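When reading the values below, keep in mind they use all heavy atoms of this one structure, side chains included, and skip hydrogens, waters and symmetry mates. Computed from a predicted model, the values in this text were never measured in an experiment. A, B, ... follow the sequence lines: proteins, then strands. Residue 1 opens every chain.
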Amino acid sequence: MATIIFKPTEKCNSNCIYCDVVTRKKPKTMSLDLLELIFKNIDDFLKAKPAENVQVIWHGGEPLLLGEEYFLKAYEFQEKYCPETKIRIKHAIQSNLTAMNENFIGLFRKLGINQVGTSYEPLANMRGPGKDRDSAFYNKQFMKGINILKRNNMGWGFIYVVTKKSLERPLDIFFFLSNLKLSGGFMLNPVLLYGEDKYNIGITPEEYADFLGAIFPYWWAHRDRFQAVNPFRMFTENIIDKKVSVGCEDNGTCAYGHIYIGPSGEASQCGRAGDWEIISYGNINDRSLLDIMQDKQREQFLNRDKLLQEGECKDCPYWKFCHGGCPLDSFIKTKDFLHKTNRCNGKKIFLEKYFLPITGARIEN
Amino acid sequence: MREHFLVCPFDEKLLSRLKNERIAIVTNGFEQVHHICESFNDNGNTLHCLVIHYSGSVVSIPFHENLKNIPMAIFANELGPFKEIMARIHMLRELNTRIFLNSDNKANYTNIHILASLGVDCGIFFGENEIDWSALNDLMTYAIYAKVGHATIEPFMYAVKHYSPDKLTDFGTVYFENRESYLHIDKDENIAHTSKDLKAGKFIATGVEALSQIRENKFYQDAEYAWQEFFLNENPCAYCQAWRICVGKFTETFEKNPGCRQFFIDLMDAADFYRTAESKNKKKEIWQP
Ligand SMILES: C[S@@+](CC[C@H](N)C(=O)[O-])C[C@H]1O[C@@H](n2cnc3c(N)ncnc32)[C@H](O)[C@@H]1O
Ligand code: SF4
Ligand code: SF4
Ligand code: SF4
């Protein structure tokens with residue numbers, strides 16, 4: 001599966017405290033001509049790779065600000081340029097939902113989207129529009145958005161970004177989030193900052209581990225109640241159920257599986273690499289998708305896997321579900337992709353101080 | 001299809017306007033019981049239950065053989081002397097009745113316990129005074145965990161039986177207050193979600209004709225998401241571990257009397273226990289030759 005992190009717009013109607021996208025002076029939006037070119041490219045790519053599938057993850061900015069017409073165009077381009085390959089194209093979307101309306105439902109369905117990824121924050125003035133981040137407004141609009149999804153039997157899950165402000169109230173936040181979505185389906189992700197921590201919201205990997213550690217005993221004791229909360233569910237599946245399945249950061253195979261395409265057609269390894277402008281694969285206007293997917297720079301990520309397994313991560317019991325973590329987390333610290341993640345210690349703390357003693361599980365080599 | 005039960009006062013004109021409905025009739029005495037039952041022969045309506053708010057003590061209720069098959073929920077403030085209960089115990093056990101006693105009267109926590117142990121289905125309803133959460137917890141523990149046989153106690157039994165971790169459990173059903181199951185209607189045909197809304201004039205619609213289309217009604221639909229207000233207004237219930245089984249029912253008293261939280265956490269544990277026990281096929285097999 002080739003995953004395209006597709007960012008057709010950098011515009012947003014929110015001003016979330018930790019978001020890089022909104023710091024752009026002049027947010028850009030992809031032209032329809034370029035959108036058309038992308039579908040042509042996807043078709044070429046899939047024809048050249050008959051065993052491949054493509055997943056297009058609509059990101060932003062706020063993708064719903066593109067408007068209904070834009071999504072309709074995307075559908076029409078797909079119909080026009082990918083008549084044989086469209087069956088191998090899947091779409092997904094990550095939206096703040098605050099601009100959601102009923103008309104999007106039909107369009108999502110046309111694109112085969114039946115669930116939406118979104119983002120939520122119970123603490124005030126973290127997510128929301130305007131200088132003061134009007135979270136009351138955001139939250140109200142967000143609820144309207146999820147109600148539209150529910151009324152139309154669309155699924156939803158969300159990301160919660162753990163910041164320094166979250167550290168004071170881990171359990172409160174966890175209960176709030178799990179009350180908001182009783183069937184689970186959310187992720188507790190650490191805030192990732194590149195550059196200055198203007199609002200003093202950054203957390204260390206160790207703080208993140210302790211944040212998770214404050215919640216984990218409750219989750220574990222009542223995991224039937226709280227269900228799919230990540231990373232807990234993921235660690236449980238990997239370590240206890242022995243079903244190794246991890247995200248792009250930890251599976252060691254991101255080298256040839258991911259591509260980021262930004263609003264001007266700029267290509268990079270993934271969303272973060274694109275946002276932080278630290279890896280460039282040129283531009284889709286000048287290079288085919290296939291060509292970008294085979295960019296020489298990608299080799300370093302493949303080699304990294306071997307390098308770490310024999311070097312910094314040698315004999316690490318957690319290798320199977322870590323693979324040295326995300327190369328960008330190495331870059332943050334060392335300006336080099338070829339080291340292990342800067343979150344290594346945090347991972348180990350969570351596992352050794354909380355997960356393993358609480359579950360009584362053992363790591364098998 | 002609309003699956004609601006209707007809750008209304010006894011009003012012959014109103015009843016004559018309702019067709020093929022399942023109806024709970026609210027009344028405050030026993031004088032009219034048979035007359036009410038007889039009025040259910042027309043229009044295809046069925047009597048779901050008689051909801052009797054009785055101001056006297058339970059022992060003063062004129063229980064009689066001929067009440068035997070009538071579904072009744074009796075809400076009373078007092079029980080009366082046990083000696084007199086015992087004199088009626090055989091009949092009480094046979095009635096199709098649940099007796100609810102008021103939490104305002106402290107003795108009722110024990111009364112309910114004893115009534116259940118005597119085989120009478122019963123329950124507690126919440127009055128105006130502060131709830132004794134610890135006594136309520138003891139009662140719930142007995143209701144769910146006790147190994148000796150006893151009759152059911154509500155709302156605990158409903159809560160544990162219907163508890164499902166990925167949904168809200170609304171035990172208001174046992175008090176005929178749950179928007180999913182009940183609609184309240186007065187003699188002027190005003191329709192509301194709860195008896196409280198009906199009293200406060202918060203109507204969804206007026207006129208029995210509106211009933212068949214009620215799910216399309218905007219006020220009806222809006223109420224489906226009323227719970228979200230807790231999440232938008234920094235309400236402590238949104239942060240409560242027991243939200244999914246309480247749904248903020250005691251939010252107004254939480255600050256003064258926060259024991260609700262621990263009580264409902266324990267109720268969720270009881271629900272988990274109940275589910276596990278049910279799935280283990282109830283009876284344990286002991287060694288046999
Ligand atoms: C950039 S947004 C784009 C989609 C959409 N606007 C939304 O908010 O869901 C994608 C996700 O990245 C998260 N995010 C933004 N900045 C982040 C940061 N500095 N660290 C970690 N996650 C971040 C957001 O909370 C959101 O869940
Ligand atoms: S809604 Fe999404 S894109 Fe917009 S500011 Fe927030 S995190 Fe960034
Ligand atoms: S936990 Fe640390 S040492 Fe182990 S694989 Fe991950 S990054 Fe490498
Ligand atoms: S138990 Fe108390 S705090 Fe919790 S939801 Fe119910 S009323 Fe609110």
Side-chain angles (χ1 to χ4, degrees), chain A residues 97-98 102 120-128 134-152 155-158 160 166 168-186 214-215 217-219 221-229, chain B residues 159-160 162-170 180 215-249 251 254 258 260-262 264-280:
Chain A
L97 286 181
T98 60
E102 293 274 352
Y120 195 80
E121 167 64 83
L123 302 180
N125 308 110
M126 301 291 283
R127 293 183 70 89
D134 186 351
S135 43
F137 177 81
Y138 179 100
N139 294 350
K140 215 165 157 190
Q141 293 303 110
F142 173 87
M143 294 292 186
K144 282 188 190 158
I146 59 170
N147 295 345
I148 294 173
L149 296 180
K150 282 184 186 171
R151 263 203 297 283
N152 290 284
W156 63 288
F158 65 93
Y160 174 75
S166 327
E168 292 157 26
R169 312 169 62 184
L171 278 174
D172 274 353
I173 289 168
F174 172 66
F175 291 138
F176 187 106
L177 299 176
S178 53
N179 288 341
L180 185 66
K181 185 131 197 307
L182 296 176
S183 54
F186 62 90
I215 300 169
Y218 287 84
W219 183 83
H222 300 292
R223 55 199 181 280
D224 288 349
R225 198 178 288 170
F226 297 127
Q227 307 200 8
V229 177
Chain B
V160 301
H162 290 82
Y163 174 74
S164 164
D166 56 357
K167 290 197 196 78
L168 291 179
T169 306
D170 190 349
E180 293 281 334
R215 285 194 190 271
E216 278 75 58
N217 177 297
K218 181 171 180 318
F219 297 108
Y220 179 90
Q221 287 176 354
D222 286 353
E224 187 176 343
Y225 304 111
W227 61 269
Q228 291 174 349
E229 290 299 316
F230 285 88
F231 292 76
L232 294 172
N233 298 327
E234 276 290 306
N235 188 307
C237 295
Y239 294 91
C240 173
Q241 196 184 153
W243 157 262
R244 64 191 74 208
I245 203 166
C246 166
V247 205
K249 287 197 176 51
T251 188
F254 172 69
C260 53
R261 197 167 271 188
Q262 190 55 53
F264 283 105
I265 290 171
D266 292 341
L267 182 61
M268 277 199 298
D269 288 343
D272 285 338
F273 166 84
Y274 182 84
R275 283 186 340 145
T276 315
E278 285 285 286
S279 65
K280 274 191 195 150

Trainee: Which residues pass the side chain to side chain contact (heavy atoms under 4.5 Å, CB included) test with B:Ala223, sequence neighbours left out?
Mentor: B:Arg179, B:His193
Trainee: Heavy-atom distances under 4.5 Å only: say whether A:Ile146 touches chain B with side chain, backbone, both or neither.
Mentor: side chain
Trainee: Just by distance, which donor-acceptor pairs between chain B and chain A come in under 3.5 Å?
Mentor:
from     : atom 1 : to       : atom 2 : distance (Å)
B:Tyr163 : OH     : A:Arg225 : NE     : 3.3
B:Gln228 : OE1    : A:Asn147 : ND2    : 3.0
B:Gln228 : NE2    : A:Asn147 : OD1    : 2.8
B:Ala238 : O      : A:Asn179 : ND2    : 2.9
B:Cys240 : O      : A:Asn179 : ND2    : 2.8
B:Arg244 : NH1    : A:Arg225 : O      : 3.1
B:Asp269 : OD1    : A:Arg225 : NH2    : 3.1
B:Asp272 : OD2    : A:Arg225 : NH2    : 2.8

